[in-house]
Structure formats: C-alpha cells, structure tokens
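Numbered from 1 within each chain, the chains take letters A, B, ... in sequence-line order. This is a predicted model, so every value here is computed, not measured.
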Amino acid sequence: MLQQTPVVRVEPAWRAWMERWPEPADLAAAPTADVLRAWGRLGYPRRALRLQECARAIVERHDGEVPRGEEALRALPGVGEYTAAAVTAFAHGRRAVVVDTNVRRVLARAVGGVALPAPSYTAAERATAAAVAPPDDDDAVLWAAASMELGALVCTAHAPRCGVCPVRDACAWRLAGRPGDEHAARRRTQAWVGTDRQARGRVMAALRDAPGPVPRGVVAEVWHDAAQLDRCVASLVEDGLVEQEDGPGGVLYRLPV
DNA sequence: AAAACGTGGCA
DNA sequence: TTGCCAAGTTT
C-alpha cells in the first residue's frame with residue numbers, strides 16, 4: 001500500500017484492511033472484487049491484485065506464514081528490493097539495507113551533498129546505503145527506521161528543517177550551503193489528463209462503484225475517446241483487473257470474482 | 001533501462 | 001493553475 005503512496009493516505013485503509021483480513025489466508029480466500037473495492041482510491045490497483053497474489057503465494061508456498069529472508073520475500077508477487085528489505089528489518093528484526101525515497105534523499109544530501117537524488121536508483125546509491133548501515137541487526141533496524149523518519153519528517157523534499165536536524169553538522173549538503181538542484185536531471189513530470197492512466201482509473205472507479213456487472217455502454221460514458229477506452233479496457237482485462245462477460249443485452253464488464 | 005502504472009495534497 | 005511528489009515494482 002505504501003508503494004508510491006503517502007503514509008497519511010494509507011493508514012486508515014490499512015487499519016480497515018487488517019481488521020477485515022488479518023492473516024494472509026484471509027486475504028487469499030477473499031473475492032478479488034472485494035479486495036479491489038477495499039483498495040478504493042489508493043491508486044495503482046495492480047498493487048491490490050499483487051497483494052492478494054502475494055497472500056495466496058504465502059499460503060501455498062509458505063504455509064500461510066510470511067517467509068523470512070530477502071530472497072524468499074522477493075520471490076513473492078509485488079515484493080521488490082525495498083519491500084523485502086523493509087519486512088526483513090521491521091517485521092523480522094534482521095539487518096537489511098532499507099532504501100526508500102526518503103532514505104535516498106537523506107543520503108543524497110548528507111553524503112552526496114546534493115539537493116535531490118537522481119531520477120532512478122543507482123548502484124552507487126545502493127553501495128552508499130550498504131556502507132552506512134550498521135552491521136548489527138538491532139542497530140541496522142534502528143538505522144533503517146531512523147533514516148526513513150528523518151527523510152519523512154525533517155529532511156523533506158521541500159523546506160527541509162535543517163535547524164532541527166540531528167546530523168546537520170555532518171551534512172555535506174548543508175555544509176555546501178544547500179545548493180539547488182537545477183543542474184540535476186529531473187524526472188519528466190508524469191502526464192495525467194487524457195492519459196491511459198486516467199482512463200483506466202475512470203473505468204476502475206465505475207466498476208468499483210457499481211454493485212455488479214456494468215454494461216459496455218455505461219462504461220463508455222466515463223471516457224470521451226472510444227478507441228482509447230477500448231484499448232484501456234483491454235489492458236485492464238489483460239492485467240486481471242477487469243473481466244468481461246457476455247449477457248443477453250450485450251457485453252458486460254465487472255471486477256474479477 | 002526507460003516507461004507504465006493512480007490518486008490527492010500542497011505550494 | 002500547474003507541477004511536484006509520495007514507505008516502488010514490473011516489463
């Protein structure tokens with residue numbers, strides 16, 4: 001849930017989710033339509049699908065228990081480098097190099113002396129993160145939590161609070177006078193209006209809000225460009241987020257059973 | 001390795 | 001209003 005999504009938006013959804021499906025086996029047994037509706041407007045609904053696939057894999061491959069070890073974790077759907085490290089550190093109390101967007105920014109500043117990290121995660125960043133993480137399990141877990149929180153609460157993307165930063169006297173960026181990042185290659189800002197992403201979001205919202213299958217004609221009302229809509233619905237079907245059924249009155253679309 | 005993938009809040 | 005950004009992963 002937290003992948004690319006702010007904590008404050010996730011927390012209430014997470015609490016309701018964990019109350020409804022406390023164990024992997026509970027989520028594994030749920031109808032996918034219920035899962036997608038509970039996901040609601042968190043964004044990137046493929047994550048909801050993968051989370052359920054992950055729960056099912058945990059049931060099938062690990063007897064319902066979240067596996068230990070980053071290799072086994074990374075083999076689960078939707079679990080990448082960051083998530084495997086975070087679960088290892090925070091759930092299992094073992095050393096892992098946990099690097100999220102916050103930690104990347106903290107290291108870019110404190111160690112690299114630049115305002116913001118590069119658009120994509122580099123091998124050099126990974127090496128730096130590994131080098132500064134303490135060797136001991138407990139220390140590494142504390143380090144992981146501390147570096148993430150520092151980035152989230154103090155060393156923020158905008159208006160960092162250097163005055164209250166515990167590492168301000170060692171921060172390469174502050175020591176350099178907090179230079180701007182106008183030379184750095186910024187990631188292209190993500191287009192939204194008129195994109196497939198927006199269209200897919202509209203379709204998913206329509207299906208979530210409907211009690212059952214939705215006629216093709218009703219789905220068509222959510223988007224102006226028929227060809228684009230067709231392509232997006234097809235991609236949603238391909239992704240497993242939407243299912244098509246043929247009713248007496250024509251084609252219907254619904255969330256997966 | 002670049003691009004796709006949702007959504008909402010804030011400056 | 002528009003751009004930026006948020007506990008990334010997958011192809």
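Side chains of Pro160(A) and Arg109(A) form a contact here, defined as non-hydrogen atoms less than 4.5 Å apart.
Of the residues in residues 2-18 of chain A, those lying under 4.0 Å from DNA chain C by heavy-atom distance are Leu2(A), Gln3(A), Gln4(A), Pro6(A), Val7(A). Shown for residues 213-223 of chain A: no residue has heavy atoms falling under 4.0 angstrom of DNA chain C. Of all the residues in residues 67-98 of chain A, Pro77(A), Gly78(A), Val79(A), Gly80(A), Glu81(A), Tyr82(A), Thr83(A) reach under 4.0 Å from DNA chain C with at least one non-hydrogen atom.
Between Leu42(A) atom CG and dG8(C) atom P there is a gap of 14 Å when expressed in whole angstrom units. For the pair Asp239(A) CG and dA4(B) C1', the interatomic distance rounds to 10 Å; values are reported in whole Å. Rounded to an integer number of Å, the gap from Trp192(A) CH2 to dT1(C) P is 18 Å. When the C1' atom of dA7(C) is taken as reference, atom CZ of Arg104(A) falls 13 Å away, rounded to whole Å. Atom P of nucleotide dT11(C) and atom OH of Tyr44(A) are separated by 15 Å, given to the nearest angstrom.
Between Arg41(A) and Arg46(A), the residue whose closest nucleotide on DNA chain B is further toward the 5' end is Arg46(A).
For residues 209-237 of chain A, the side-chain hydrogen bond (donor to acceptor under 3.5 Å, both in side chains) pairs, not counting sequence neighbours, are Asp196(A)-Gln228(A), Asp196(A)-Arg231(A), Arg200(A)-Ser235(A), Arg216(A)-Asp230(A), Arg216(A)-Tyr253(A), Trp223(A)-Gln228(A). Screening residues 137-162 of chain A for side-chain hydrogen bond (donor to acceptor under 3.5 Å, both in side chains), with sequence neighbours left out, gives no hits. Screening residues 113-135 of chain A for salt bridge (Lys or Arg N to Asp or Glu O under 4.0 Å) gives Glu81(A)-Arg126(A), Arg104(A)-Glu125(A) as the qualifying pairs, with residues at least two apart or on separate chains.
The backbone N or O of Ala28(A) sits less than 3.5 Å from a side-chain atom of Arg56(A), completing a donor-acceptor pair. Side-chain N or O atoms of Asp100(A) include one that pairs as donor or acceptor with a backbone N or O of Asn102(A) at under 3.5 Å.
Of all nucleotides listed (dT10(C), dG6(B), dA7(C)), dA7(C) comes nearest to the side chain of Glu149(A). When distances are taken from the side chain of Thr189(A) to each of dG6(B), dG3(C), dC5(C), the shortest belongs to dG3(C). With dA7(C), dG6(B), dC5(C) as the candidates, the nucleotide lying closest to the side chain of His158(A) is dC5(C). Nearest nucleotide to the side chain of Arg208(A), out of dC5(C), dT7(B), dA7(C): dT7(B).
Under the 4.5 Å side-chain heavy-atom criterion for Ile, Leu, Val, Met, Phe, Trp and Tyr, Leu27(A) and Val59(A) are members of distinct hydrophobic clusters. Taking hydrophobic clusters as Ile, Leu, Val, Met, Phe, Trp and Tyr residues chained together by side-chain heavy-atom distances below 4.5 Å, Tyr82(A) does not share a cluster with Val7(A).
Salt-bridge formation is detected for the pair Glu11(A)/Arg15(A): a Lys NZ or Arg NE/NH1/NH2 atom is positioned less than 4.0 Å from an Asp or Glu carboxylate oxygen.
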Go through Leu150(A) and Val167(A) one step at a time and tell me if the side-chain contact (heavy atoms from CB on, under 4.5 Å) criterion holds. CA-CA 10 Å; Leu150(A) 184 62; Val167(A) 298; 4.1 Å; yes
How far apart are the C-alpha atoms of Leu49(A) and Thr32(A), what are their side-chain angles, what is the distance that settles it, and do they pass the side-chain contact (heavy atoms from CB on, under 4.5 Å) test? CA-CA 7 Å; Leu49(A) 230 43; Thr32(A) 301; 3.6 Å; yes
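The environment of Glu245(A) atom CD is dense: over 12 non-hydrogen atoms of other residues, nucleotides or ligands sit within 6.0 angstrom.
In terms of phosphate contacts, Arg200(A) brings a side-chain nitrogen or oxygen within less than 4.0 Å of OP1 or OP2 of dG6(B). Applying the 4.0 Å criterion to OP1 and OP2 of dG6(B), one finds that Arg202(A) has every side-chain N and O outside that range.
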